[in-house]
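Here's the structure, in structure tokens; my notes come after.
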Amino acid sequence: MSDTDTKLLPKDVAAEKGLVNVQIDGHWIQVPKGTRMIEACKIAQKEVPHYCYHPKLSSPGNCRMCLVQMGMPPRLAPGQDPEYSEEGYQEIGWMPRPVIACANTVAENMGIRTQGDLVEKTREGVMEFLLINHPLDCPICDQAGECTLQEFSVEHGKGVSRFKEDKVKKPKNVDIGPRINLDDERCIMCSRCIRFMDEVADDAVLGFTQRGTHTTLTCHPDRKVDSNYGMNIIDLCPVGALTSKDFRFQMRVWFLKETNSIDVNCATGTNITLWSRGDKVYRVTPRRNNDVNSDWMPDSHRLAFHKQVHAESRLTEPMIRQGQKHEVADWRTALEAAADGLKQFDAQEIAIIASARQTNEELFLTRALGDTLGCSEMTTIERFGEADDKLVSADRNPNSLGASIILNLPSPGARLSAIRDAVRSGAIKALVVFSEDLLADAGFTQEDLDQLELLISTNTLANPTAQASHIVFPTASFAEKRGSMINVSGRLQKLNAAIATPANSRDDWEVIRDLILTITGNKNEVFMIEDVLKAMTQAYPEFEGATYSKIGDLGYTVCDTGVTIPLIEKEKARVANREIVG
Amino acid sequence: MSEIQYLPGKEPHPCEHRLIFKNIDRQGWDTSIETYMADGGYDQLKKALTMEPQAITNEVKTSGLRGRGGAGFPTGVKWGFIPPGNTKPVYLICNCDESEPGTFKDRYIVHQDPHQLIEGMVISAFAVGAHTAYIYMREEFPEAAITMEKAIEEARAKGFIGKNINGSGFDLEIWVHRGAAAYICGEETGLIESLEGKRPYPRIKPPYFPAALGLYMAPTIVNNVESLCHVKHILEMGGEEYAKLGVERNTGTRILCVSGDVKNPGYYEVQVGKLTMGELINDVCGGPKDGRKVKAVIPGGSSSKILRADETFKIGRGDDAKEITFWDIQLDFDTLAACGSMAGSGGVIVLDDSRKMSWVLNNINHFYAHESCGQCTPCREGSTWMRKLSDRIVDGSANPEDIQTLEDVAYQIDGKTVCAFGEASSWPVEAIISKFRDELIAETSENNKHLSKEQLQREAYLAQ
């Protein structure tokens, strides 16, 4: 190799960039030093089947499904110089025994085979072992359709069973928590749930008892999985051992449509997937966003959709109050009634209660409505709870930051009490309320509302404010609308509509637009929500260049608030410490 | 040593060379420190504390001592794996979880000669720089735990344990930790997990090599009881002199625990490799019982591969290549490995022609199915499957196909598990099937059609 003096070897080229050369199924690629073999294979688009490995959890290497063949250059005798091929690589000596890809890291000139006789035989063997004591009750199992035991058994399994013995019996239908059911016979002992409860939820209530083939997943005596993060173990479970009491037996997953959206129950803006069929949302699961919620979400937020989307009290028709009763009206009538009503008042006599639950687009239009009416009294309602040092933010409004930017509201609380005082003094005679309940959340009393000459509200659910309103517009829940919000750390993210709005209810932004048009009598120029966002890009530096495709599934940071999400910080520390891949 | 008298019937065989077992079943011997010191005890400790720790490690390396727990890894090399520049505490653990079926050597040391172990441990701890040492005592040795704790107190009173040992400035605490009767706790990383108070699930290696990331993620040296005792004798004799015992690369003495079908089963401390299988069984142990012939031998604890008495083996390479019979096998690490088995823990189990191999196989399978920790898939599911299959071979309800399935299952476990338990449970099966296939098949019948409860239910349902 005389040209080595003049030409750099691939290893030197890679080392300069902190990379190493790895041969995966015959192809050389460069990956960062310290990459796990399984992640290197993923980069090479070679799937390595696995059960116990999860990038957000420690790697015990216990499922043995990710066994691959590994090779390294032969060890040199003292004084011996390595030999390089024409491409500049050393010859790989393949090991006769497979190694786990999940916990081992790559090295320079390493070879990985994810195919071939040894690997295929090994996978077939592990698959067979996993299935011999498994109940194979897929027809009645909730996991069917999203079960990696099913998937890998199709890809790597034998197809027939040689097992003629009696299966091991274990506890079934175990109540391990208020929201979770356990079927121990389906469990493949990957220990993901145990590690999650210990490492992420900080509530190590799960563990194994017994040993060998009798190993049983169980809760510690007198304990339950009652953590607010417990339901994440249902998503983590690669099989149907852990099932959701809320979702079990409700719907086969292959009928469900997945819609990427964000959670609206606190300012963290957890990324979620809405699983719907027809006009019904069946479940909500967290979606990976390493800057917002990792792979997790709190149970309280996960189950909140039942009360928000499919509630009995859902408003479905525009209504106008006649005396003490509300009569259903068509949209044109209701909008005209609202426009006419508002025109009766001087601009100083009108106030608008916007909401930090509104999307940026709705807030922008709300501000436009204020401008149309000449009304300067506008605020939102603050809503605080306890932060949990993980994902739940103390700010329970999902879009406080967006509201503050768009409505230019330094202290919404003070303005709210000013408006309340003005209502009581009779200075303000008309209120327009968006997506809020003035009685429960804003300190108004029934007398205050009764005193108003005109109360217009939009809402998804019936509430005392709607009850007191002269005109009520039914609007969309978070699962039925598009739009954007800015989370606690300044990240612009978007909602997507999973289902249609029920009956005659309409998307909020359209209602506000139509109200403006009805007041002004202008011709409509805003046909799509994209038009609203486009107008916003001109108005606010934070939104400069924003489009829905740029926001994408994961969003991007538009302003630096300095606020961090505790769970994400903890995860970053673990990644830096090389405990997890992240 | 000529003046040492042993209890009647416990006298060493002339072939033996007693170092470790010098005081076992010795006339007038007890476990007190006075008796031990009157016999020259703790002299090596005093000497060691005046040496450089590295010099002790070098002596152990020179001696060629190989671990006596089963794997036969060179002890001195293992000590050298502690990362240079380490700033974490170093731990020394004595593995006294002797639970390999057929092995009964460490129990004598901890029951009858506790101070020998303590002396060996203090020297070793000094060599590796450990200030905390643990003796992981298996649950089945309750008396030994009491004996060891008493001995530790005696040694502390004499200043051999604790602060500033013998005025050297070296501190060491030794703790006895009792296990809860699980075979897997003998696996060093399983033992470490157990010591940390967790389930004894063996760790994956890499990255968790105990010498770098052991107990509490600090460098940890885990040595067998017998290995630690040898350290004392290596210091006494000098590494080079010690290496003259035994044969090349297999130095020193080791205790062979012979059980099964011989006239004189028991423990025999011999120079490694100086004895052949024939000499051990026929001369030292008095041969098979009258009218019986040796059929097979499991040479290194139940997990080692069985050897047939009528086998021949090709060992050596190139000019050294030769064919030897079963009786000529030298009992050392390398020869037994070349014969396809291993010296393991020194538990020699002799089986004569009255033994059915199906029963032997089933007995071993029952043990491993019961002891599998259940952490990783192949071992957890495979060991019990093997047991269920061999149960049927023994009770006569197996089909010849089942032998093939059993062999396949063993190979599906072998080499695919977190720890060496996978090999421990599959090697006996692989070896017994390959060497006694005809005998096993003779116990099966083509007419046997076994179905599980589930399969029977399904057939009954379909027949309706």
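Throughout, protein chains are lettered first and strands after them, A, B, ... in sequence-line order, and every chain is numbered starting at 1.
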| field | Largest heavy-atom contact set with chain B, pairs under 4.5 Å, which of A:A103, A:P60, A:S59 | value |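 Of the options given, most contacts go to A:P60.
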SB check [X] [Y] (cutoff 4.0 Å):
X      : Y      : answer
B:E381 : A:R64  : no
A:K169 : B:E454 : yes
A:E120 : A:R123 : no

| task | Evaluate the ring planes of A:H50 and A:Y53, with Trp represented by its six-membered ring, and classify them as parallel (under 30°), tilted (30 to 60°) or perpendicular (over 60°). | result |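 A:H50 vs A:Y53 ring planes: perpendicular.
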| task | Please work out whether the ring planes of B:F421 and B:Y368 are parallel, tilted or perpendicular, with thresholds of 30° and 60°. | result |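 Aromatic pair B:F421/B:Y368 classed perpendicular.
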Check each atom of [X] against the heavy atoms of chain B and say whether the ones under 4.5 Å are side chain, backbone, both or neither.
X      : answer
A:F163 : both
A:T215 : side chain
A:K167 : both
A:D166 : both
A:E128 : side chain
A:R97  : side chain
A:L130 : both

Which region of [X], side chain (C-beta onward) or backbone (N, CA, C, O), has a non-hydrogen atom less than 4.5 Å from a non-hydrogen atom of chain A, or is it both or neither?
X      : value
B:T384 : side chain
B:R203 : neither
B:Y201 : side chain
B:E401 : side chain
B:D402 : side chain
B:Q375 : both

I'd like to verify something: which residue of [options] has the highest number of heavy-atom pairs under 4.5 Å with chain A?
options                        : value
B:S383, B:C379, B:G415         : B:G415
B:R392, B:Q455, B:K388         : B:K388
B:S452, B:G374, B:G382         : B:S452
B:V418, B:D408, B:I413, B:L389 : B:V418

| task | Taking the side chain as every heavy atom from C-beta outward, state whether B:H366 and B:D391 have any atom pair closer than 4.5 Å. | result |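 SC-SC contact between B:H366 and B:D391 confirmed.
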| Are any non-hydrogen side-chain atoms of B:P219 and B:K88 less than 4.5 angstrom apart? |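 Side-chain contact under 4.5 Å: yes.
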| query | When you measure from the side chain of B:K78 to the backbone N and O of B:V222, does any donor-acceptor pair fall under 3.5 Å? | reply |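 Judged by distance alone, yes, a pair lies under 3.5 Å.
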| query | Do A:N21 side-chain atoms and A:N109 backbone N/O form a donor-acceptor pair below 3.5 Å? | reply |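 No, because the side chain of A:N21 does not come within donor-acceptor range (under 3.5 Å) of the backbone of A:N109.
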| request: For the pair A:D25 and A:T114, evaluate side-chain hydrogen bond (donor to acceptor under 3.5 Å, both in side chains) and give the outcome as yes or no after the intermediate values. | output: CA-CA 6 Å; A:D25 292 337; A:T114 69; 2.5 Å; yes
| query | Is the number of heavy atoms from other residues, nucleotides or ligands within 6.0 Å of CH2 (A:W94) greater than 12? | reply |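 Above 12, so yes.
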